[in-house]
**Q** 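What follows is a single structure, and I will ask about it in a moment.
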Amino acid sequence: MRVRLTLWYVSLLAGVLVVFAGFLHGSLDRRLRAEIDRSLQDQVARVLPPPEPLPDLPRDPPPRRFAVGLRRPPAVAGIATAVYEADGETVIFGDAWEDHPEMLAARLGLVGGGQDLRTITMSDGVTWRVLTVPLFRADGHVATVQAGRSEESRQTALRELLVLLIIGIPTTLLLAIAIGVFMASRALNPIVRISQTAAQIGALDLSRRLGMAERHDEVGLLAHTFDAMLDRLEAAFQRQRQFTADASHELRTPLALLISRADVALEHPRDLEAYRAALEAIRGDTRRMSQLLNDLLTLARADSGQVALHREPLDLSDLATAVVLSMSGLAATRRVRLAVEAVPGVVVDADQTRLTQLLLNLVDNGLKFTPPGGTVTVSVRRQNECARLEVMDTGVGIGNEHLHRIFERFYRVDPARSRADGGTGLGLSICRWIVEAHGGTISVVSTPSHGATFSVRLPLQAKTGSHISPGVRGRVAAS
Ligand code: ADP
């Protein structure tokens, strides 16, 4: 990048300098030539004085024409002048300078009132600018004047400028390369530093940061973005580690229990009843472990994005009614009233299995944390172009200090009680994943001792009411 940047910049500069040099050379060339031409015109004008009335000359014999008003012009350095008869060949007066054949041709070639200006290379190789002008008076073409000026000084000036440019441009470019490399290095060094630091950061040490907070430019922004990404990565790794540690811990307890139950059962020979009781206890433990493993697997798959949602139009009210019906047995056992208040026709685009799991988890929690005599109400309605599902209970509620954490994995308000109830501490994490995967949000409000309300908002299906999955209606009917 350093080399490329410098090359781009230097070639651009070289282009600009060459164009500028061409312009400079061209304009100096034009100016010097115009200056020479002007001096020649001035000189010629001096030969013929301003018009004045012709003197009354005797007609016979006719006077020589050249005698009438022609002046020898003052000598001007570098300019040679000669005045010829109208025939262009007879010299009246003039400086001694080489009469090149082209000069004669110019004098003879004059037609009418035109003048001739040309560049002639003399025999010594020096170029001259030569102006040939016919001089007229009232009595006709009286003479031809020719003025010339060597272009040597103009060529010398142009040559000197060229030498200056030929030395100056490469020197400037060399300087530009040096400055360009220096500037590019200065600009790119922080990026090299960033990549070196990045190379040292591994999964085992995510704590390093670039820390370029003092820079308020593009590089600072890059470093800041990079650091922010590391923050997120570190937090994610930390969560993952915590999750693995918690999962191992959760599995260790029932496993230890399982082994000790088996040990106790096998310690002495026992009767059939005792073996049966031990096996039943072991079955309970393994079921809980199996549930925990299922939950873990769901979350692990969700994390790695492996869970595909089979979305279809789903009537949320029907689904809520079906889940409430299927849980009514459990509610009756716990002597908790389970009610549903569902507005029909609230249709969402969702995965039926996952939404059923969400409802089961929320209603199960409600039943678990509501003492006998309480009520768990599931309601479904539309609100602000969204489907709103609420599971409200009149149970123990959740303290304010726990509210913001209960969707975390393995977080329980009362771990002992949750475990005793068969809870894995993953139910609400799974709920949150399901809702977010459907583009919705989940929240909770609670007053301790007065119950908790879990609210889920899901986007409504674009064309409400059409193509409702027959499977859902079938399930409702079966329930
Ligand atoms: P668990 O399997 O332990 O129920 P969850 O993730 O479903 O795990 O819930 C996490 C914790 O949130 C529970 O342990 C409980 O303390 C609290 N909680 C969940 N739902 C309710 C509720 N309806 N009323 C009171 N507390 C609840």
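Order of appearance sets the numbers: ligands from 1, and atoms from 1 within every ligand.
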**Q** With heavy-atom distances below 4.0 Å as the criterion, list the atoms of ligand 1 near Gly425.
**A**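 In order of number, 1 (P), 2 (O), 3 (O), 6 (O), 8 (O).
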**Q** Can you classify the ring geometry of Phe243 versus Phe410 as parallel (below 30°), tilted (30 to 60°) or perpendicular (above 60°)?
**A** tilted
**Q** Should we count CZ of Arg335 as having more than 12 external heavy atoms under 6.0 Å?
**A**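 No - once you tally the heavy atoms of other residues, nucleotides and ligands closer than 6.0 Å, there are 12 at most.
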**Q** Do any heavy atoms of Gly395 fall under 4.0 Å from ligand 1?
**A** no
**Q** Suppose I only count heavy atoms of Lys368 and a 4.0 Å limit; which atoms of ligand 1 are within that range?
**A** 1 (P), 2 (O), 4 (O)
**Q** So for atom CZ, which belongs to Arg31, do other residues, nucleotides or ligands contribute more than 12 heavy atoms lying within a distance under 6.0 Å?
**A**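 No.
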**Q** Phe407: heavy atom below 4.0 Å from ligand 1, yes or no?
**A** no
**Q** Within a distance under 4.0 Å of any heavy atom of Tyr411, pick out the atoms of ligand 1 and give their elements.
**A**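 Once the distances to Tyr411 are compared, the set is 10 (C), 11 (C).
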**Q** Any side-chain to backbone donor/acceptor pair from Thr197 onto Arg193? Under 3.5 Å, distance only.
**A** yes
**Q** Looking at His402, I'd like to know if its NE2 atom is crowded, meaning that more than 12 non-hydrogen atoms belonging to other residues, nucleotides or ligands lie closer than 6.0 Å.
**A** yes
**Q** Answer whether the closest heavy-atom distance between the side chains of Leu359 and Leu355 falls below 4.5 Å.
**A** no
**Q** Which of the atoms in ligand 1, numbered in the order shown and given with their element, are less than 4.0 Å from a heavy-atom of Ile406?
**A** 12 (O)
**Q** In terms of atom number and element, which parts of ligand 1 are under 4.0 angstrom from non-hydrogen atoms of Leu428?
**A** 5 (P), 6 (O), 7 (O), 9 (O), 10 (C), 12 (O), 19 (C)
**Q** Any nitrogen or oxygen of Ile398, side chain or backbone, less than 3.5 Å from one on ligand 1?
**A**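 It does not: no N or O of Ile398 is found under 3.5 Å from an N or O of ligand 1.
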**Q** Does any N/O atom on Ser429 come nearer than 3.5 Å to any N/O atom on ligand 1?
**A**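 The answer is no, given that Ser429 and ligand 1 share no N or O pair closer than 3.5 Å.
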**Q** Please list, in number order, the atoms of ligand 1 under 4.0 Å from a heavy atom of Gly427.
**A** 5 (P), 6 (O), 7 (O)
**Q** Using a heavy-atom cut-off of under 4.0 Å, does the side chain or the backbone of Asp393 touch ligand 1, or both, or neither?
**A**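 Asp393 to ligand 1: side-chain contact only, backbone stays beyond 4.0 Å.
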**Q** Under the side-chain contact (heavy atoms from CB on, under 4.5 Å) criterion, do Ser455 and Val445 qualify, and how do the steps go?
**A** CA-CA 8 Å; Ser455 307; Val445 286; 5.5 Å; no
**Q** Indicate the atoms forming the closest heavy-atom contact of Asp315 with Gly345, along with that distance.
**A** OD2-N, 3.3 Å
**Q** Going by the closest heavy atom to atom 17 (C) of ligand 1, which one wins out of Leu426, Val413, Val396?
**A** Val413
